[in-house]
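Small disclaimer: the values here were computed from a predicted structure and weren't measured. The figures here come from the full heavy-atom set of this structure, side chains too, leaving out hydrogens, waters and symmetry mates.
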Amino acid sequence: MATLKTDPVRLERFLTEIAAFGATKNGGVTRLALSDEDRDARNQLKAWFEAAGCETKIDRMGNMFFVRPGKNRALPPVLTGSHCDSQPQGGRFDGILGIIGGLEAVCALNDAGVTLERDLIVVNWTNEEGSRFTPGTTGSGVFAGKLDREAMYALTDREGLTFGGELARIGYKGETDFDPRPLHANFEYHIEQGPVLERQGKTIGVPKGIVCLRWYDVEITGVPNHAGPTPMNERRDAVYAFARMASEIFEIGLASDNVVATVGEVHPSPNSRNVIAGNLHFTIDVRGWDETETDRVCADIEKAIRTHAEVTGTTVDIRKTWEVERAPFHPQLVSMIRETAGELGLPALDMVSGASHDTVYINQFAPSAMIFVPSIGGRSHAEVEETSWADCAAGADVLLNCIIKTCNDPEGVEYA
C-alpha cells in the first residue's frame, strides 16, 4: 500500500479542542489524573473515537481502549496511544499527542476506506505522570502485572483522597478488565521533551529505548527552634542539611557518565520565616541508559546524604519508592520507524528517551517502539511546551504508516 497522510487541519483541531480541558491562562494545561478535567477530557475522547467507529473498553484501572475492528479479529492486535493526564501547569502536547495521533490515524484510515487485517487499539493509560498519585505509569504498570491494583487504589494525594475513590468518583472505574494480549506490536507517539531534535534539525526521533529510572523520597529530621535566639553553631537545621545534600546530588550527576539526577519536590516544615526547620521532605529522580552507572550514581547519592546528615546533626530516612529497568525497544520496529520516516522524506535521528513513558512497561511483554517529534526550545512539563503543527502532522504520518504496515502483517508474522 502506498503511504497515506493524515489531515493536518483536523489533527490541529483535535489537539486544540482537547487542550481546553484544564487550560491555563498561559497556554498550558493542568489536567491531573482523576480530576474533573481528566474526566471531561476522557468523555471527549470517548465521543470522538466512537464517532470514528471504534469500540470503547474501560478496565478496572480506568485505562481506556478504543478498538477499530480489523478483518481478522482473531489475530493479535496493534496497540498505540499514550496518556491524557498532565503535570500541574504542564504542556498541551505531552501524552495527549499520542492519543490524538492515534485518533487521527483512525480517521485517516476511515477517509481512505481502508480496513486493516488486524484490530487497531488506541489506549489512554491512567496516571502516567504520577504528579497527583505516585508512582506514575500506574495504569500501564498494573496492566503489565508489575504494580498491584489494590495497592494503587490505596494511593493518596496531598488531600488524602485515594486513587480508587477518585477513579470511581469520575466514573471511570471499570467493572471488568480488558486484556487484548498477545499484542502484535505497540507504538507510542510522543514529543521529545528535550532539545536534541531541534538542535540537530531533525523532524523524527527514533529512540532505541527508554532509560532506567530510580525515585527516592528522603526525610530529614532536625530540631525546630526560634530563628533569633538560637546560635548558628547550635542549630540542627533541616534546610541547611538539605542545601548541602542537594548541591552534592547535582555535582554527582554532573560528574557521571550520562546519568541525570534531579531534586524535584521540597517540603520544609514548619515552613515559617522565623523558625528553624525541624523537618524537610524531598524527592530525587535519577535516570540513565547504563544501569550499572545509574546504580553507582544512586549509591554515591545515598552515601552523600548520610554524610551530610551526620555533619549537620540531623537524621535521615532514605526510601527508594520506584525502580524501573531500562527498556530497549524492538530493533525491527525501530528500523521500521526510521525507514517509514525516510519514505515520507522526513529527516530522522537515532536517540534515547530520557523521559519515562507507559511503553516502559508494555515493552516488557510486547514488541514496542516510540516515535518522537521536536519540542521547541527543549521545553516540557511547563506551560511554554510547544511543538509545531507541521511536526505534529509529520509524526502522525509516521505513526499512521507504521500502523498500516504492522496491522496488515499476515498471520504467522511475529516480532520475536
Spacing of T24 atom OG1 and E383 atom CD [to the nearest 0.5 Å]: 3.5 Å
E104/R10 ion pair, N-O < 4.0 Å: yes
Salt-bridge present (R73, E55; N to O < 4.0 Å): yes
Backbone of C392 reached by a side-chain donor or acceptor of Y189 within 3.5 Å: yes
Electrostatic pair E50-K46, nearest N-O below 4.0 angstrom: yes
Donor-acceptor under 3.5 Å (E192 side chain, V196 main chain): yes
Check ion pair R92-E386 (N to O, under 4.0 angstrom): yes
Atom pair CG/NE2 of L120 and H184 - distance to nearest 0.5 Å: 12.0 Å
Intermediate values then yes/no, side chain to side chain donor-acceptor pair (under 3.5 Å), H267 and E265: CA-CA 7 Å; H267 304 284; E265 296 184 33; 2.8 Å; yes
Electrostatic pair K405-E343, nearest N-O below 4.0 angstrom: yes
Ion pair E248/R244, N-O distance below 4.0 Å: no
Nearest non-hydrogen partners of S131 and S86, listed with the distance: OG-O, 3.5 Å
Minimum-distance pair of heavy atoms, taken over all atoms of A394 and L346: O-CD1, 3.7 Å
Side chain proximity check, T314 to Y240, heavy atoms < 4.5 angstrom: no
W389/F93 aromatic ring centres below 6.0 Å: yes
Parallel, tilted or perpendicular, as decided by the 30° and 60° cut-offs, for the rings of Y415 and H330: perpendicular
Heavy-atom pair of closest approach, residues E117 and L75: O-CD1, 4.2 Å
Donor-acceptor under 3.5 Å (T137 side chain, S140 main chain): no
Distance flag, aromatic centroids of F65 and F143, threshold under 6.0 Å: yes
Salt bridge D300-K303, side-chain N to carboxylate O under 4.0 Å: no
T80 side chain vs F187 backbone, donor-acceptor pair below 3.5 Å: yes
Pair D36 + R169: basic N to acidic O under 4.0 Å: yes
Heavy-atom donor-acceptor pair, E129 side chain to A33 backbone, under 3.5 Å: no
Pair T321-D217, side-chain donor/acceptor within less than 3.5 Å: yes
salt_bridge(R149, D177) N-O dist < 4.0 Å: yes
All pairs passing side-chain hydrogen bond (donor to acceptor under 3.5 Å, both in side chains) where residues 198-213 contributes a residue, at least two apart: none
A309 backbone acceptor or donor facing T312 side chain under 3.5 Å: yes
Interatomic distance, T387 atom OG1 to I191 atom CD1 [nearest 0.5 angstrom]: 5.0 Å
R214 with E323: basic N within carboxylate O range, under 4.0 Å: yes
Under 3.5 Å: donor-acceptor pair, side chain of R42, backbone of G171: no
Donor-acceptor pair, side chain of E188 and main chain of T359, under 3.5 angstrom: yes
Donor-acceptor under 3.5 Å (T230 side chain, A227 main chain): no
Nearest non-hydrogen partners of T6 and A108, listed with the distance: CA-CB, 4.2 Å
Salt bridge R287-D285, side-chain N to carboxylate O under 4.0 Å: yes
Ion pair E166/R132, N-O distance below 4.0 Å: yes
Donor-acceptor contact below 3.5 Å, side chain D409 vs main chain V413: no
Atom pair CG (D119) and CG (L79), whose distance is rounded to the nearest 0.5 Å: 11.5 Å
